[in-house]
Structures are given as C-alpha cells and as structure tokens.
Amino acid sequence: MIGRVRDLVPDVERIAVLRANALGDFIFALPALEALRAGYPDAELVLIGAPWHAGLLAERPGPVDRVLVVPPAEGIRTAGPDEPAPSGTAMADFLAAARAERFDLALQMHGGGGNSNPIVSGLGARVTAGLRAEGAPELDRWLRYVFYQPEVFRYLEVAGLVGASPATVSPRLHVTPADLTEVRSLLGEPGRPRVALHPGASDPRRRWPAERFAEVADRLVADGYDVFVTGTPQERELAGQVVDAARVPVRTLAGELSLGGLLGFYSGCAVVIANDTGPVHVAAAVGTPTVGIFWVGNLINCATPLRARHRPIGSWTINCPECGVDCSRGIYPARPGAGDCPHRVSFVTDVPVVEVLEAVADLTDTH
C-alpha cells in the first residue's frame, strides 16, 4: 500500500486525468495510470494532455484509452511551434465540451494546483482529487503538494485518493512495430552493440558538459560499441558539440527520429547515458539500462530507485558556480542562506567520466 488508499468510487464509467506537461513528467505518471486502469478496469481512462500525447499514444497499448488535448494556458502547457494561438474562449469552450462527457472522476496530477485545480474542477466530475500546494483551490479529495518526493510515488498517492492501489512502481511504455520500422529504415540492422548519449536538457543546470560525453564516446567506441547522440531538433547544435569533440566516429540522430522512433531506437541499445531529462526516463520505460546524471535535488524526485538495470549518478553541488548562492535553500524560507540565483550554468560538472564508464561496464557485464 502506498499512502492512504481510500475506497473505490462506485459506478465509475469515465475518468479524466490532467497531465499535460513534458515527456519525463508523463513517464512518472504511468504507474498511477496503470493503478487507475487496474482499479477501474471497465472505465474509460482519458488523459487531458498535449498534442504530442495524442500522437504518442495513438495505437499504442497502455492504460490510456483516449487523449483530450487541453488548450495552451498559463501553468498548464505552452503552445507548440506549429500550433495556432488559442482563442480567448479556448479554455471555456474546452471545459464546456468536457463537461458534456460526464466524467465520474477527475484527477489532477499536474503540480501544486494553483493553475490546474480550477481546470479539474471545471470538468464537472462527480469526484475530483489531486494535489494542493499552499493557496491552491481545494478539490474533493486532496494531498498536500510537498516539493521533495519521488514523482512516481507522488502520483500513486493521488490515484490512492480514489481507491486505486499500485499495480507497478516501474513506468512502462510499449514499443510498436512502427517504432522499430522507423529505426531500421534510418539505421539498418546493428553491426555492433549500440549506445545512446543524450547531452540535452531543458535546464542548462542539468547538462553534463558536451566534452565529457565525448570522452565517454571515445572509450565506448574503443570497447566495441557504435555510439549515437540523440536530441530534439533544437538540440542539434549541442549534439554536434559532442560529435566534434569526440576523437572517434560518432553519429548524431538529433532531430532525425520521431518520438516513437526514439522509443524504438532506445529499446535496441545496450545502455542509454543521459542527463536528467525525458529521454533517460523513456529509455528506462522501454526496458533499456540507463546511466543518468542528476543534480542532488532531482536525484530525490526524479531518479529511479531501482538498481538492477539503472545507475543514477548524483552531483552534490549546491552552491552556484557563478555567484556561490546555496541553491538548495530556495524552498526553505526559515533557513538562513537562501537567495535568488539567476545563473543557468551546469550544476553537474563534478560527476567524473570514470564513474559513468564504471556504471556502463557494470550494467553491460553479462557474467
């Protein structure tokens, strides 16, 4: 049992779950979605998400039956680069249409609730449940949002508010034949074991230096691996820095794979080495061993607690390398030494290359 599991709600035919943020955020919520599916096997489970959720989950086995795309709104999601700007009535229109679906349960798994709880309440469900930070509107059933908590368990506790007990604590994503076909058409069949490096992260503070990734590539190619660098189209330049710094042939795939193709590619890798960002969690969810590089705070919230196939490596830097401010104190106003830090430099440079290589060797040892 995780948290205080309440009784199942009777006569549930349709469940809405708001989780419209980034890739890793969705992965963290998968065990909670599986719990809801197990607890309410006959109910339709609808994810209130973003366009990319709809694309990823279409025709993919999993707990979600359908995606309703919520309009961009502050604290909910930003508009995609090819997405038209929403009208001034977009959210009101969305909620009116959603109320017509007559949801029985609506769950908020989207942060502290300041922006998201009004949307969940606006769905018109019989019972609402979710997270609540100080000052956020209440739902029918709620848990206090506490910043430092492993994300997977955070959302399992939310599912428990409506009686859904955990079916698993390990996020899983299915790889489809289409995913694998995309990879084969781009790369052909592997000649040597493949390793993926992912040097990107939306927050520069979570990025291990590109030259360190290049050092890892040099060693792994010498050890008999084909090394590839993955990334979004916006991360092509960063991926190129790794390729340029390496002294061995390394191929960049930044911007060349769809999200489904990335799942297929990672599923065929011997190991994925990445910063704390969506792809490291995707790799774990498709069953691939991972070596993740985490700042200590994110190590608490985001790193998997499992070690048979995963090695999260933590950086213990808490003082900004530029200004010296102790950045671990920002959410603790009663403690001395807190301060605002505007800098966005890497906080994970103290992770040495040798620790990453040792973790790879440990995970790929077949004895």
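Here the structure is a predicted model, which means the values were calculated and not measured. Throughout, residue positions are numbered sequentially from 1 according to the sequence presented.
- In this structure, a donor-acceptor pair under 3.5 Å is present between the side chains of Thr230 and His198.
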Pair Cys269, Val195 - check side chain to side chain contact (heavy atoms under 4.5 Å, CB included), show working. CA-CA 5 Å; Cys269 287; Val195 171; over 6 Å; no
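- One distance of note links CG of Leu30 with OG1 of Thr168; it measures 10.0 Å at 0.5 Å rounding.
- Between Pro166 and Ala35, the closest heavy-atom pair is CA-CB, 4.1 Å.
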For Tyr40 and Asp104, run side chain to side chain contact (heavy atoms under 4.5 Å, CB included): C-alpha distance rounded to whole Å, both residues' side-chain angles, the deciding distance at 0.1 Å, then the answer. CA-CA 11 Å; Tyr40 297 92; Asp104 297 292; over 6 Å; no
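- Partner Arg77 forms a side-chain hydrogen bond (donor to acceptor under 3.5 Å, both in side chains) with one of His53, His110, Glu83 and no other, that one being Glu83.
- Applying side-chain contact (heavy atoms from CB on, under 4.5 Å) to Val351 and the options Trp316, Trp208, Phe294, Trp295 leaves one that passes, Trp208.
- In this structure, Thr277 OG1 and Ile293 CD1 are separated by 12.0 Å, a value rounded to the nearest 0.5 Å.
- Contact between Arg207 and Pro199 at its shortest, heavy atoms only, is CG-O, 3.9 Å.
- Residue Leu257 holds its CG atom at 7.0 Å from CZ of Phe265, rounded to the nearest 0.5 Å.
- What you find for Val12 and Ile15 is that their closest heavy atoms are CG1-CG1, 3.6 Å.
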Could you give me the CA-CA distance, side-chain angles and deciding distance for Val17 and Ile48, then say whether side chain to side chain contact (heavy atoms under 4.5 Å, CB included) is met? CA-CA 6 Å; Val17 177; Ile48 310 296; over 6 Å; no
Verdict with supporting geometry, Arg344 and Glu322, salt bridge (charged side-chain N to carboxylate O under 4.0 Å, His left out): CA-CA 9 Å; Arg344 293 298 180 265; Glu322 292 286 335; over 6 Å; no
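- Taking each heavy atom of Asp276 and Ala201 in turn, the nearest pair found is O-CB, 4.3 Å.
- In terms of heavy-atom proximity, Ala164 sits nearest to Leu8 at N-CD2, 4.2 Å.
- For the 3.5 Å distance criterion, the side chains of Asn117 and Gln108 qualify, holding a donor opposite an acceptor.
- Checked by atom type, the side-chain pair Ser258/Glu182 shows a donor-acceptor distance below 3.5 Å.
- Arg206 and Ser202 form a side-chain donor-acceptor contact under 3.5 Å, judged by distance and modelled atom types alone.
- Using the six-membered ring where Trp is involved, Tyr332 and Tyr148 have ring planes that are parallel, under 30° apart on the 30 and 60° scheme.
- For the atom pair CG of Leu33 and CG of Leu47, the computed distance is 6.5 Å after rounding to the nearest 0.5 Å.
- Atom CG of Leu180 and atom OG of Ser267 lie 5.0 Å apart (nearest 0.5 Å).
- The neighbour count for Arg126 CZ, taken as heavy atoms of other residues, nucleotides or ligands under 6.0 Å away, is above 12.
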Should Asp65 and Arg37 be marked as a salt bridge (charged side-chain N to carboxylate O under 4.0 Å, His left out) after you check the CA-CA gap, both sets of side-chain angles, and the distance that decides it? CA-CA 10 Å; Asp65 294 305; Arg37 168 55 61 228; 2.5 Å; yes
Between Asp226 and Arg192, does the salt bridge (charged side-chain N to carboxylate O under 4.0 Å, His left out) criterion hold? Intermediate values first, please. CA-CA 6 Å; Asp226 282 335; Arg192 305 198 300 174; 3.2 Å; yes
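- For the 3.5 Å distance criterion, the side chains of Gln241 and Glu211 fail to qualify, holding no donor opposite an acceptor.
- Residue Leu253 is tested with Val183, Val229, Leu186 for a side-chain contact (heavy atoms from CB on, under 4.5 Å); the sole match is Leu186.
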For Glu59 and Thr176, run side chain to side chain contact (heavy atoms under 4.5 Å, CB included): C-alpha distance rounded to whole Å, both residues' side-chain angles, the deciding distance at 0.1 Å, then the answer. CA-CA 9 Å; Glu59 308 301 324; Thr176 68; over 6 Å; no
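- The distance from atom OG1 of Thr288 to atom NE2 of His310, rounded to the nearest 0.5 Å, is 8.5 Å.
- Side chains of Asp326 and Ser328: a donor on one and an acceptor on the other come within 3.5 Å.
- In terms of heavy-atom proximity, Ser315 sits nearest to Phe347 at OG-O, 2.7 Å.
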